[in-house]
Protein chains: 2
Amino acid sequence: MNIGDVARQSGLPAKTIRYYEDISLVKPKRETNGYRVFNDADVHKLTFLARARALGFTIEDCRTLLALYEDKSRASAEVKKVTGKHLNEIEAKIADLQAMHATLTRLSEECAGDQRPDCPILEELSGKDRRSNTHDAKQ
Amino acid sequence: MNIGDVARQSGLPAKTIRYYEDISLVKPKRETNGYRVFNDADVHKLTFLARARALGFTIEDCRTLLALYEDKSRASAEVKKVTGKHLNEIEAKIADLQAMHATLTRLSEECAGDQRPDCPILEELSGKDRRSNTHDAKQ
DNA sequence: CTTGACCTTACAGTAACTGGAACCACTAGA
DNA sequence: TCTAGTGGTTCCAGTTACTGTAAGGTCAAG
């Protein structure tokens, strides 16, 4: 199979597949004309990578997961550990985003959004002490 | 004020402040010895930037917001528009992360996490059709 | 023989910094 | 005066995971 077919099958752009070869995630053979040839195992690996990336695993996590996948004597605990770490990071990100969301929603609701220049959003960003609420000990 | 003092006041690393000068977000004067000198307006700007970045605005959004802040005849609608767009992006990210979280949590719960090699997480990544659930029309 | 689809490499750019090397400036103390 | 320590400077490279672009080689069809 050539790279275009693999791209269609795996859902990954050809460019990405070349990149994955660059960083040694896959090692397709070459035809005499220089074209990459992907066998079923390569395609399977790339599909695995596409799924893992879609679940937010980093490339390095993917490398680890792929190695575990190919190690038939792995302990599932290893896989679960990687997943657990990733889950924690996702949770942290969600929490960060939700905090931002809460603040921005509040400010946005307070902002008239009309032709007048007065704007609580800019006031907050500029550090203006709005509605005499003097304690702002956060981080 | 020198860069170190500003870093302490604004909470931004000196390195970041230099970077912000590089991309023309601030334009501190220079002393004869080459040191940057920050006046109150500069420090205020940097504090503004630190807050906007903490709320997840991109650098380009920050540039826009800073320009709006300094335009005393702005319409608050402009600010609200930038904020609204950002809120939408945050919501999309949260949704993505929550979907990943749900899938990973499910798989993680199904994984024994012991010394045995059997692992639902790897099975899902490899595309193995687990428990005869044949429909997987997503994306 | 040309056209078009497909393949190749190599280099640059993205976002927003961060780290490191090599070097200059200033102050205080021996 | 020398020196140590702190803080400043520039410049270049690295991070993450690609993506864009240019310049060119390959192949099948008409």
Side-chain angles (χ1 to χ4, degrees), chain A residues 1-38 42-43 45-46 48-66 85-86 89-90 92-93 96-97 100, chain B residues 1-38 42-43 45-46 48-66 85-86 89-90 92-93 96-97 100:
Chain A
M1 268 182 127
N2 283 351
I3 201 166
D5 307 312
V6 182
R8 256 161 258 130
Q9 275 213 20
S10 66
L12 292 169
K15 204 100 218 208
T16 299
I17 298 174
R18 286 195 199 99
Y19 172 67
Y20 286 174
E21 185 193 20
D22 239 46
I23 60 174
S24 303
L25 281 176
V26 278
K27 301 179 198 295
K29 296 245 161 52
R30 297 295 180 123
E31 286 185 84
T32 45
N33 60 12
Y35 286 20
R36 290 169 182 81
V37 214
F38 297 84
D42 292 325
V43 176
K45 256 192 195 181
L46 287 165
F48 183 104
L49 286 167
R51 290 206 186 85
R53 291 288 299 128
L55 286 173
F57 285 106
T58 65
I59 289 284
E60 285 318 302
D61 281 348
C62 290
R63 205 186 288 280
T64 304
L65 290 171
L66 213 40
K85 191 166 148 285
H86 183 36
E89 285 161 4
I90 288 177
K93 271 187 201 159
D96 279 0
L97 289 169
M100 291 176 194
Chain B
M1 267 182 129
N2 283 352
I3 201 165
D5 308 311
V6 181
R8 256 159 259 130
Q9 275 212 20
S10 66
L12 293 169
K15 210 105 212 198
T16 299
I17 297 174
R18 287 194 197 99
Y19 172 68
Y20 286 173
E21 185 191 20
D22 238 45
I23 61 174
S24 303
L25 281 175
V26 279
K27 301 179 197 296
K29 296 247 162 53
R30 297 294 181 125
E31 287 184 85
T32 45
N33 60 11
Y35 284 22
R36 290 169 182 81
V37 214
F38 297 84
D42 292 325
V43 176
K45 258 191 194 181
L46 287 166
F48 183 104
L49 287 167
R51 289 205 186 88
R53 290 290 298 128
L55 285 173
F57 285 106
T58 64
I59 289 285
E60 284 318 302
D61 280 347
C62 288
R63 205 186 289 279
T64 304
L65 290 171
L66 213 40
K85 191 166 148 286
H86 182 37
E89 286 160 3
I90 288 176
K93 270 187 203 162
D96 279 0
L97 289 169
M100 292 176 194

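Just so we're on the same page: letters track the sequence lines, and every chain starts at 1. Predicted, not measured: the structure shown is a model, and the values here were computed from it.
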Sugar-phosphate only, base, or nothing, as touched by B/Ile23 at under 4.0 Å among non-hydrogen atoms: nothing
Touch class at under 4.0 angstrom, heavy-atom based, for A/Arg36 against every strand present: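 It contacts sugar-phosphate atoms only.
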Side-chain N,O (B/Arg30) to OP1/OP2 (D/dT10) below 4.0 Å: yes
Under-4.0 Å side-chain N/O to phosphate OP1/OP2 contact, A/Asn33 with D/dG25: no
Got a sec, which residues hit side-chain contact (heavy atoms from CB on, under 4.5 Å) with [X], two or more places apart in sequence or on another chain?
{"X": "A/Asp5", "result": "A/Met1, A/Asn2, A/Arg8"}
{"X": "B/Tyr19", "result": "B/Ile23"}
{"X": "B/Ser24", "result": "B/Lys27, B/Arg63"}

Side chain to side chain contact (heavy atoms under 4.5 Å, CB included) evaluation trace for A/Val6 with A/Asp42: CA-CA 9 Å; A/Val6 182; A/Asp42 292 325; over 6 Å; no
Exam field: side chain B/His86 to backbone B/Leu55, donor-acceptor pair closer than 3.5 Å: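 Answer holds: yes.
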Would you say that [X] contacts [Y] through its side chain, given a criterion of any heavy-atom pair below 4.5 Å between the two side chains?
{"X": "A/Leu65", "Y": "A/Phe48", "value": "yes"}
{"X": "B/Lys29", "Y": "B/Arg36", "value": "no"}
{"X": "A/Arg53", "Y": "A/Tyr20", "value": "yes"}
{"X": "A/Leu25", "Y": "A/Lys45", "value": "no"}

Where chain A begins and ends its contact with DNA chain C, read 5' to 3' at 4.0 Å from heavy atoms: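 So the contact region on DNA chain C extends C/dC6 to C/dA10.
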B/Pro13 to B/Ala7 - nearest heavy-atom pair and separation: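 Distance-wise, the nearest heavy atoms are C-CB, 4.4 Å.
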Bending between helix ends of the helix from C/dC1-D/dG30 to C/dA30-D/dT1 [5 pairs per end, 10° resolution]: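 The angle separating the two end axes equals 40°.
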Upstream residue (5' side of DNA chain D) when B/Gly34 and A/Tyr35 are each assigned their closest nucleotide: B/Gly34
What pairs of nitrogen or oxygen atoms, one from the protein and one from nucleotides 16-18 of chain D, lie under 3.5 Å apart?
residue : atom : partner : partner atom : Å
D/dA17  : OP1  : A/Ile59 : N            : 3.4
D/dA17  : O3'  : A/Arg53 : NH2          : 3.4
D/dC18  : OP2  : A/Tyr20 : OH           : 2.7
D/dC18  : OP2  : A/Arg53 : NE           : 2.7
D/dC18  : OP2  : A/Arg53 : NH2          : 3.4

A/Ile3 CD1 - D/dC27 C1' separation (whole Å):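 Distance, rounded to whole Å: 17 Å.
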Whole angstrom value for the distance that separates P of D/dC12 from CG of B/Asp22: 12 Å
Test applied, side chain to side chain contact (heavy atoms under 4.5 Å, CB included); reference residue, B/Leu49; option that passes from B/Ile17, B/Thr16, B/Leu66: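 Exactly one pass, corresponding to B/Leu66.
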